[in-house]
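Here's the structure, in structure tokens; my notes come after.
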Amino acid sequence: MRVLIIMEDPTQDYLILAPVITAMLRHIGRSATIQVCRDPHFQGVNTILKKESLERILARYQGMVDLFLLCVDRDSNAGRRAQLDEREQHCGAVLAGQRRTLIAEHAWQELEVWALASCTDLPNNWNWRAIRSERDPKEAYFAPYVQMHGLADTLGAGRHMLGKQAGQRYDRLRQLCPEDIVVLEDRVRAWLLTR
């Protein structure tokens, strides 16, 4: 199976998403060739969620991808799920009659929370529920954690190392982030059963 990950920040988000998606597929018993969408290059959630942007991606990877995974931050936007559902329907119409699909999910509240879920040494005064509900967890928790552990000058300012760790500790990620990662996993599994 060939998977293309589409994200709002292709310069850094892939460092978390690629190992997590690889682990997710392994968990559901599938191996895949995973590619990160860098051509065409779009940046920002508003840009990547434009119908025209997604159409360009679908056209660019015609015949080269089985599963398009669109992963963006929720950013406390209560309407994000409806927006993603609408984009899935639109892309479904574009891909009608093909054995390919686009599945979209939003990380609560940002992808960096998935990386934090793999960390077993979070400060004692940090509450997981507070981390999950924080509007800006990247600034409030991820960046301070990275600083505490001397990862600021590493690839992706800690994202590479912590993303790799999230893939290795995927069961922990599933346990702490069921509202997004388990939902995505279930949706991918359901799609695979229809192929």
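Values below: every heavy atom of this structure, side chains too, minus hydrogens, waters and symmetry copies.
- Look at Asp186 and Arg189 and you find a salt bridge, because one of the NZ, NE, NH1 or NH2 atoms lies within 4.0 Å of a carboxylate O, short of that distance.
- Nearest heavy-atom pair across Leu15 and Gly156 is CD1-CA, 3.6 Å.
- A salt bridge is defined here as a Lys NZ or Arg NE, NH1 or NH2 lying under 4.0 Å from an Asp or Glu carboxylate O, and Glu110 with Arg74 fails to meet this definition.
- Between the side chain of Ser53 and the main chain of Leu49, no donor-acceptor pair closer than 3.5 Å is present.
- Between the SG atom of Cys37 and the CE atom of Met7 there is a distance of 7.0 Å, given to the nearest 0.5 Å.
- Side-chain contact between Val65 and Val3 is absent, with no heavy atoms from C-beta onward closer than 4.5 Å.
- Relative to the six-membered ring of Tyr14, Arg159 misses at least one condition, a distance below 6.0 Å or an angle of at most 45° to the axis.
- Residues Glu185 and His27 form a side-chain contact, since some pair of their non-hydrogen atoms from C-beta on lies under 4.5 Å apart.
- The side-chain heavy atoms of Glu112 and Ile16, taken from C-beta on, include a pair separated by under 4.5 Å.
- Contact check for Leu67 versus Leu192: no side-chain heavy atoms found under the 4.5 Å cut-off.
- A pairwise comparison of heavy atoms in Ala166 and Val20 identifies CB-CG2, 3.8 Å as the closest pair.
- Counting heavy atoms from C-beta outward, Leu162 and Cys119 have side chains that approach closer than 4.5 Å.
- There is no side-chain donor-acceptor pair under 3.5 Å between Gln175 and Arg172.
- Between the OG1 atom in Thr33 and the CE atom in Met64 there is a gap of 13.0 Å [rounded to 0.5 Å].
- In this structure, the side chain of Arg30 does not engage the main chain of Leu25 through any donor-acceptor pair within 3.5 Å.
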message: Does Lys50 form a salt bridge (charged side-chain N to carboxylate O under 4.0 Å, His left out) with Glu55? I'd like the steps, not just the answer.
response: CA-CA 9 Å; Lys50 289 181 181 176; Glu55 288 171 3; over 6 Å; no
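- The minimum heavy-atom distance linking Leu102 with Leu95 is given by the pair N-CD1, 4.1 Å.
- Remark: Arg187 engages Glu88 in a salt bridge, criterion side-chain N to carboxylate O under 4.0 Å.
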message: Using the rule given for side-chain contact (heavy atoms from CB on, under 4.5 Å), can you reason through Arg38 versus Thr11, listing the C-alpha separation, both sets of side-chain angles and the distance that settles it, and then say yes or no?
response: CA-CA 8 Å; Arg38 289 195 178 93; Thr11 61; over 6 Å; no
task: Evaluate the criterion side chain to side chain donor-acceptor pair (under 3.5 Å) for residue pair His106 and Asp75; output intermediate values, then yes/no.
output: CA-CA 9 Å; His106 55 340; Asp75 294 328; over 6 Å; no
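- Ring-plane geometry between Tyr145 and Trp126 is classed as tilted, the angle between the planes lying from 30 to 60 degrees on a 0 to 90 degree scale.
- Taking every heavy atom of both residues into account, Pro144 and Ala140 meet most closely at CG-O, 3.4 Å.
- Taken from CG in Asp13 to CH2 in Trp114, the straight-line distance is 10.0 Å, to the nearest 0.5 Å.
- Interatomic distance, CG of Leu111 versus CD of Glu8, reported as 7.0 Å (0.5 Å rounding).
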- request: Would you please test Asp180 and Arg132 for salt bridge (charged side-chain N to carboxylate O under 4.0 Å, His left out) and show each step?
  value: CA-CA 11 Å; Asp180 43 18; Arg132 289 287 281 168; 3.3 Å; yes
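- Residues Ile21 and Leu173 share a single hydrophobic cluster, defined by chaining ILVMFWY side chains whose heavy atoms lie under 4.5 Å apart.
- One hydrophobic cluster, built from ILVMFWY side chains closer than 4.5 Å, holds both Ile5 and Ile28.
- Atoms OG1 and CD1, on Thr22 and Ile34 in that order, are 3.0 Å from each other to the nearest 0.5 Å.
- Side-chain atoms of Leu184 and Met24, non-hydrogen and from C-beta on, do get closer than 4.5 Å to each other.
- For Gln165 (side chain) and Ser118 (main-chain N/O), a donor-acceptor pair under 3.5 Å exists by modelled atom type.
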message: Checking Val113 against Leu176 for the side-chain contact (heavy atoms from CB on, under 4.5 Å) test, could you report, in this order, the C-alpha distance in whole Å, the side-chain angles of both residues, the deciding distance, and whether it holds?
response: CA-CA 10 Å; Val113 172; Leu176 294 175; over 6 Å; no
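- Just one of Val72, Val36, Ile57 meets the side-chain contact (heavy atoms from CB on, under 4.5 Å) condition when paired with Ile6; it is Ile57.
- The two atoms that bring Arg56 and Pro40 nearest to each other are NH2-CB, 3.5 Å, heavy atoms only.
- Residues Glu134 and Ile131 fail the side-chain proximity criterion, which asks for heavy atoms closer than 4.5 Å.
- Hydrophobic clustering (ILVMFWY, side-chain heavy atoms < 4.5 Å, transitive): Leu58 and Met1 are in distinct clusters.
- Other residues, nucleotides and ligands place more than 12 heavy atoms under 6.0 Å from the CG atom of Asn125.
- Linking Ile, Leu, Val, Met, Phe, Trp and Tyr whenever their side-chain heavy atoms come within less than 4.5 Å puts Leu69 and Trp191 in one cluster.
- Residues Ile181 and Tyr170 have side chains in contact (heavy-atom distance under 4.5 Å, counting atoms from C-beta outward).
- For Arg87 (side chain) and Ala82 (main-chain N/O), no donor-acceptor pair under 3.5 Å exists by modelled atom type.
- In this model, no donor atom of one side chain and acceptor atom of the other lie less than 3.5 Å apart for Trp108 and Asp73.
- Separation of atoms CG (Leu4) and OH (Tyr61) is listed at 5.5 Å; rounding is to 0.5 Å.
- For the pair Ala117 and Cys177, the tightest heavy-atom approach, listed with the atom from each and the gap, is CB-SG, 3.9 Å.
- With 3.5 Å as the limit, one finds no donor-acceptor pair spanning the side chains of Gln109 and Asp136.
- In the hydrophobic clustering of this structure, Leu155 does not group with Phe142; members are Ile, Leu, Val, Met, Phe, Trp, Tyr whose side-chain heavy atoms approach within less than 4.5 Å, directly or through other members.
- Taking the charged nitrogens against the carboxylate oxygens, Glu105 and Arg81 do have a contact shorter than 4.0 Å, which makes a salt bridge.
- Around the CG atom of Asp153, the shell of radius 6.0 Å holds no more than 12 heavy atoms that belong to other residues, nucleotides or ligands.
- In this structure, Asp66 pairs ionically with Arg195, as a charged nitrogen and a carboxylate oxygen lie closer than 4.0 Å.
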